[in-house]
**Q** 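Would you mind keeping the following structure in view while I ask a few things?
For ligands, and for the atoms within them, numbers begin at 1 and follow the listed sequence.
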Amino acid sequence: MKKPKIFIACDTTSPNVIKKIISHTKTNKLNIGYKFGLEFFCSKDGRKFISKLKNKEIFLDLKLNDIPNTCASAIHSLRDLKNISYLTVHTNGGYEMLKTIKKASKKINKKLKILGVTVLTSFSNSSIKKIGHTKSIKDLVKKQAVLAKSAKLDGIVCSGYEIKLLRKICKRMDIVAPGIRLKEDSADDQKRVVTPKNAFKNGATAIVMGRSITKGNIKNNIQKLIKSL
Ligand code: C5P
């Protein structure tokens, strides 16, 4: 059986904290990769640190969202980072942007997978209305998944609640779920949280876990995660 794939969200500006996260999450029971967002990538030593990481699966969570030309240029500027496996873009950027990004990514690294972020897991149905959406999250993510598929992205990012629904659209594409919490953990700012077990049961190809693993005793948290699966 395939090992469950977990991306640990390395949400910090400190390379030393990341070194600790990496050394404390070693286990042969899980397939662990590391996710870096804007916080670390934009920090003084972040980009360089990432460029030197070897033999790790790296997920660069930049959530690009701009005009197609600007996004294509951003992709080109990543061409020296040959060790990245996944990169995120907002599906809200629209079909042209998604297509342009996918095309640009093929030029810099054929193995780089582009994931389209649907509705962030920190949104609820009421908060999505406040930014002008009239559709429910369920309807919105369906539209975004169709868009991601038509632009030939490699996968999507969605909450654990929407995986079953979107699997019907995304068929063989990757579906990565953030907003993951162990039963006893607090949801923090996340609104649509599910447990690791349920996310995989619903069909996630990988999950993203930040604070549930990185807050407190990391080794113990990894053991709790393994037990919960
Ligand atoms: O600490 P926590 O597990 O909530 O962290 C979730 C991580 O996943 C953060 O790095 C966040 O930026 C990212 N993410 C998310 N929701 C999305 C896409 C990415 O929470 N839809």
**Q** Any chance you could measure Ser105, atom OG, to Ile84, atom CD1, to the nearest 0.5 Å?
**A**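 Going from OG on Ser105 over to CD1 on Ile84, the span is 11.0 Å.
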**Q** Please check if any side-chain donor atom of Thr121 sits under 3.5 Å from a side-chain acceptor atom of Gln190, or the reverse.
**A**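 A donor-acceptor contact under 3.5 Å links the two side chains.
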**Q** About how many Å separate NZ of Lys152 and NZ of Lys103, when rounded to the nearest 0.5 Å?
**A**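 If we round to the nearest 0.5 Å, Lys103:NZ and Lys152:NZ are 13.5 Å apart.
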**Q** Of all the atoms in ligand 1, which lie at a distance below 4.0 Å from a heavy atom belonging to Arg211?
**A**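 So the atoms of ligand 1 that pass are 1 (O), 2 (P), 3 (O), 4 (O).
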**Q** Of all the atoms in ligand 1, which lie at a distance below 4.0 Å from a heavy atom belonging to Ala9?
**A**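 Counting atoms of ligand 1 from 1, those under 4.0 Å from Ala9 are 7 (C), 10 (O).
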**Q** Under 3.5 Å between some N or O of ligand 1 and some N or O of Leu120?
**A**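 Min N/O separation from ligand 1 is not below 3.5 Å for Leu120.
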**Q** Hey, what do you get for CD1 (Ile156) to CG (Leu166), rounding to the nearest 0.5 Å?
**A**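 Output value for this atom pair is 4.5 Å.
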**Q** Is it the case that Asp61 and Thr88 place a side-chain donor and acceptor less than 3.5 Å from each other?
**A**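 Side-chain D/A pair, Asp61 to Thr88: present.
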**Q** Measure Asp11 to ligand 1 on non-hydrogen atoms and call it side chain, backbone, both or neither using the 4.0 Å cut-off.
**A**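 Side chain only; the backbone of Asp11 stays clear of ligand 1.
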**Q** Among protein heavy atoms, which lies nearest atom 16 (N) of ligand 1, and at what distance?
**A**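 Scanning the protein heavy atoms, the shortest distance from atom 16 (N) of ligand 1 goes to Thr121 OG1, 2.8 Å.
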**Q** Show the atoms of ligand 1 that are less than 4.0 angstrom away from any heavy atom in Asp61.
**A**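 Near Asp61, the atoms of ligand 1 are 12 (O), 13 (C), 19 (C).
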**Q** Tell me whether Lys35 has any N or O atom under 3.5 angstrom from an N or O of ligand 1.
**A**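 In this structure, Lys35 places an N or O atom under 3.5 Å from an N or O of ligand 1.
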**Q** Verify, without hydrogens or angle tests, whether Arg192 (side chain) and Ser122 (backbone) share a donor-acceptor contact under 3.5 angstrom.
**A**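 Side chain of Arg192 to backbone of Ser122, a donor-acceptor pair under 3.5 Å: no, none is there.
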**Q** In ligand 1, which numbered atoms sit nearer than 4.0 Å to a non-hydrogen atom of Val208?
**A**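 Numbered from 1, ligand 1 contributes 7 (C), 8 (O).
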**Q** What protein heavy atom is closest to atom 19 (C) of ligand 1, reported as residue, atom name and distance in Å?
**A**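 Of every protein heavy atom, Lys63 NZ, 3.3 Å lies nearest to atom 19 (C) of ligand 1.
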**Q** With respect to atom 2 (P) of ligand 1, which of Arg181, Lys215, Arg192 exhibits the smallest heavy-atom separation?
**A**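 The residue whose heavy atom sits nearest atom 2 (P) of ligand 1 is Arg181.
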**Q** Does any donor atom in the side chain of Asn16 or Ser14 lie under 3.5 Å from an acceptor atom in the other side chain?
**A**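 Distance-only check fails for Asn16 and Ser14.
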**Q** As a check for students: among Pro178, Ser122, Cys158, Ser159, identify the option with a heavy atom nearest to atom 17 (C) of ligand 1.
**A**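 It is Pro178 whose heavy atom sits nearest to atom 17 (C) of ligand 1.
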**Q** Below 3.5 Å, N or O to N or O, backbone or side chain included: is there any such pair between Asp189 and ligand 1?
**A**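 No; the residue has no nitrogen or oxygen that sits under 3.5 Å from a nitrogen or oxygen of the ligand.
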**Q** Under 3.5 Å, is there a donor-acceptor pair between the Ser124 and Ser127 side chains?
**A**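 Distance-only check passes for Ser124 and Ser127.
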**Q** I'd like to check which ligand 1 atoms, numbered from 1 as shown, lie under 4.0 Å from a non-hydrogen atom of Gln190.
**A**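 Every atom of ligand 1 under 4.0 Å from some heavy atom of Gln190: 4 (O), 6 (C), 20 (O).
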**Q** Is Asp188 in contact with ligand 1, taking contact as a heavy-atom separation below 4.0 Å?
**A**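 Heavy atoms of Asp188 never come under 4.0 Å of ligand 1.
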**Q** Please tell me whether Phe7 and Phe59 form a close aromatic pair, meaning their ring centres lie under 6.0 Å apart.
**A**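 Ring centres of Phe59 and Phe7 closer than 6.0 Å.
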**Q** Which residue supplies the protein heavy atom nearest to atom 3 (O) of ligand 1, what is that atom called, and how far is it?
**A**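 In this structure, atom 3 (O) of ligand 1 has Gly210 N, 2.8 Å as its nearest protein heavy atom.
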**Q** At what distance, to the nearest 0.5 angstrom, does NE2 of His24 lie from CG of Asn217?
**A**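 Atom-to-atom, His24:NE2 and Asn217:CG are 8.0 Å apart.
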